[in-house]
Amino acid sequence: MEGKGKVNGVAAMAACYQGFDPAAYLQYNYTPPRADFERKDSIVPWKLACLHRAFTEGDVRGELLVDIGSGPTLYQVLSGCEVFNKVLLTDFLEVNRQELRGWLEDEGGCNLDWTPYLQHVCKLEGRRPSAWTEKAAKLRQVITDIVPVDVHRPQPLALDALPSEGADCLVSCFCLESVSPDLAAFTRALGHIGRLLRTGGHLLLIGALGESYYFGGPGVRIPVVPLNEAQVCASLKESGYTLIRLEVYTLPQDMRVGVDDVSGVFFVKAIKE
């Protein structure tokens with residue numbers, strides 16, 4: 001019965017996502033106040049700074065970066081595209097993969113203008129904000145594909161999606177806790193994606209703390225595993241990762257805009273044992 005319960009829980013989570021609306025999700029989370037580049041305490045600049053630091057410390061390197069559960073967003077690979085020659089984007093939902101393809105093919109119609117994000121990361125890198133066009137071109141050049149992923153499968157990607165030795169680095173933002181029915185499933189998913197990573201490769205993980213739900217569209221309430229820092233650290237250890245750094249952001253009151261009940265965000269830099 002335990003195995004059947006696992007399957008039912010995952011299937012229920014998948015059903016929650018049938019109404020996911022990329023445009024609404026981007027509006028809820030990736031516009032001001034959560035994406036206010038003039039404010040140091042805004043959540044999106046905090047995430048971008050964490051990723052920039054991790055990708056520029058010199059130990060995260062290699063050929064292939066894989067983003068697990070990209071959703072309809074690109075911010076998580078804006079620093080990594082300067083370090084890796086190949087970037088693979090992945091998501092469970094076709095509507096999200098379509099949103100990403102719209103940007104990649106540069107034919108307009110995207111639900112969010114990523115220009116301010118590109119400009120901000122250029123500033124973090126010590127470049128002129130006007131260099132954003134070069135960064136956009138670089139990102140389009142290194143993205144090799146946008147493919148389906150299922151973190152609840154022991155082999156989350158198609159067998160031919162990666163080289164046999166695995167990826168050099170994984171990045172995953174707000175994916176695992178928001179597609180898992182419980183903490184055990186979150187931990188298993190961490191182990192599953194670890195199989196995509198070479199030994200000694202890095203995991204950069206961003207996720208929600210204390211969140212029990214978020215809205216993936218008007219009226220589309222999606223349950224989330226409410227995590228604390230100790231649970232994140234324990235799940236990483238159980239799944240074969242060595243923690244290098246854990247950073248925590250606490251949401252100011254005006255960032256709590258009614259689209260979720262998140263209280264904080266964690267950033268993890270870890271290495272696969």
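- Note on L124 and L51: same hydrophobic cluster, where clusters join Ile, Leu, Val, Met, Phe, Trp and Tyr whose side-chain heavy atoms are under 4.5 Å apart, directly or indirectly.
- A distance-only check finds a donor-acceptor pair linking the side chain of D91 to the backbone of L93 [under 3.5 Å].
- Looking at F20 and N96, their side chains come closer than 4.5 Å, going by heavy atoms from C-beta outward.
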**Report entry** S178 and Y17: CA distance, side-chain angles, deciding distance, side-chain contact (heavy atoms from CB on, under 4.5 Å) verdict
**Finding:** CA-CA 10 Å; S178 61; Y17 275 88; 3.6 Å; yes
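- Residues L78 and W114 have side chains not in contact (no heavy-atom distance under 4.5 Å, counting atoms from C-beta outward).
- Between the side chain of H152 and the main chain of V179, a donor-acceptor pair closer than 3.5 Å is present.
- A donor-acceptor contact under 3.5 angstrom links the side chains of D261 and S212, judged on distance only.
- Note: Y117 OH to L74 CG = 10.5 Å, rounded to the nearest 0.5 Å.
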Query raised in the report: Step by step, would you call V151 with F92 a side-chain contact (heavy atoms from CB on, under 4.5 Å)?
Result: CA-CA 9 Å; V151 299; F92 182 75; over 6 Å; no
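- At a threshold of 4.5 Å between non-hydrogen side-chain atoms, the residues T250 and S263 do not count as touching.
- Ionic pairing of E105 and R140 is not present here: no N-O contact between side-chain nitrogen and carboxylate oxygen is shorter than 4.0 angstrom.
- Atom CG of residue L48 and atom NZ of residue K123 lie 12.0 Å apart, to the nearest 0.5 angstrom.
- Taking every heavy atom of both residues into account, P226 and V224 meet most closely at CD-O, 3.1 Å.
- Between E247 and R53 there is a salt bridge, with a side-chain nitrogen of the basic residue lying less than 4.0 Å from a carboxylate oxygen of the acidic one.
- Smallest separation of non-hydrogen atoms from P154 and R195: CB-NH1, 3.0 Å.
- Under the 4.5 Å side-chain heavy-atom criterion for ILVMFWY residues, a single connected hydrophobic cluster contains both L26 and W46.
- Summarising the geometry of L243 relative to C233, their closest heavy-atom pair is CD2-SG, 3.8 Å, with the distance given to 0.1 Å.
- For the atom pair CZ (R97) and CG (L89), the distance works out to 11.5 Å, reported to the nearest 0.5 Å.
- When side chains are defined from C-beta on, L64 does not count as touching F84, because their heavy atoms never get closer than 4.5 Å.
- Rounding to the nearest 0.5 angstrom, the gap separating the CD1 atom in I43 from the CG atom in D36 is 13.0 Å.
- At least one donor-acceptor pair closer than 3.5 Å links the side chain of N29 to the backbone N or O of Y25.
- Residues M255 and Y213 are members of separate hydrophobic clusters, defined by side-chain heavy-atom contacts under 4.5 angstrom among Ile, Leu, Val, Met, Phe, Trp and Tyr.
- Looking at Y28, its side chain never comes within 3.5 Å of a backbone N or O of G216 through a donor-acceptor pair.
- The shortest heavy-atom contact between L88 and A161 is CD2-O, 4.2 Å.
- V121 and Y30 fall within a single hydrophobic cluster, where Ile, Leu, Val, Met, Phe, Trp and Tyr are joined by side-chain heavy atoms under 4.5 Å apart, directly or via other members.
- In this structure, the side chains of E82 and K135 come closer than 4.5 Å at one or more pairs of heavy atoms.
- Separating the OG atom in S172 from the CG atom in L203 is a distance of 7.5 Å, to the nearest 0.5 Å.
- Under a 3.5 Å cut-off, the side chain of S79 and the backbone N or O of F55 do not form any donor-acceptor pair.
- D59 approaches A54 most closely through the heavy-atom pair OD1-O, 4.3 Å.
- Between V220 and D21 the shortest side-chain heavy-atom distance does not fall below 4.5 Å.
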Requested in this report: Report the C-alpha separation of T90 and V66 in whole Å, then their side-chain angles, then the decisive distance to 0.1 Å, and conclude whether the side-chain contact (heavy atoms from CB on, under 4.5 Å) test is met.
Outcome: CA-CA 8 Å; T90 73; V66 179; 4.1 Å; yes
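- Looking at I68 and L196, their side chains come closer than 4.5 Å, going by heavy atoms from C-beta outward.
- Side-chain contact check for Q76 and T73: at least one donor-acceptor pair (N or O, by modelled atom type) lies under 3.5 Å.
- Under a 3.5 Å cut-off, the side chain of H202 and the backbone N or O of V60 do not form any donor-acceptor pair.
- The distance from the CG atom of L205 to the SG atom of C173 is 7.5 Å, given to the nearest 0.5 Å.
- Residues D254 and R39 are paired through a salt bridge, judged by an N-O separation under 4.0 Å between the basic side chain and the carboxylate.
- Between Y214 and F174, the distance from one ring center to the other does not fall under 6.0 angstrom.
- In plain terms, the two heavy atoms of F37 and P45 that are nearest each other are CD2-CG, 3.9 Å.
- The main-chain N or O of V44 is never found under 3.5 Å from a side-chain atom of R34 such that the two would form a donor-acceptor pair.
- Salt bridge annotation for R101-E99: absent, with no cationic side-chain nitrogen under 4.0 angstrom from a carboxylate oxygen.
- Checked for salt-bridge contact, D168 and R198 meet the test: a charged N lies under 4.0 Å from a carboxylate O.
- You'll find the side chain of E134 stays beyond 4.5 Å of the side chain of W132, heavy atoms only.
- No more than 12 heavy-atom neighbours from other residues, nucleotides or ligands sit within 6.0 angstrom of CD on E38.
- The backbone N or O of L236 lies less than 3.5 Å from no partner atom in the side chain of S239, so there is not a single donor-acceptor pair.
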Requested in this report: Under the side-chain contact (heavy atoms from CB on, under 4.5 Å) rule, what do V268 and F266 come out as? Steps first, then yes or no, please.
Outcome: CA-CA 7 Å; V268 157; F266 68 86; 3.9 Å; yes
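- S235 places no side-chain N or O within donor-acceptor distance of the main-chain N or O of T187, the cut-off being under 3.5 Å.
- A salt bridge does not link K237 with E273: none of the charged nitrogens is closer than 4.0 Å to a carboxylate oxygen.
- If you chain together hydrophobic residues whose side chains sit under 4.5 Å apart, I222 and V95 fall into the same group.
- No donor-acceptor pair closer than 3.5 Å links the side chain of K269 to the backbone N or O of L246.
- Remark: K47 qualifies as a cation-pi partner of Y75 under the 6.0 Å distance and 45° angle criteria applied to the six-membered ring.
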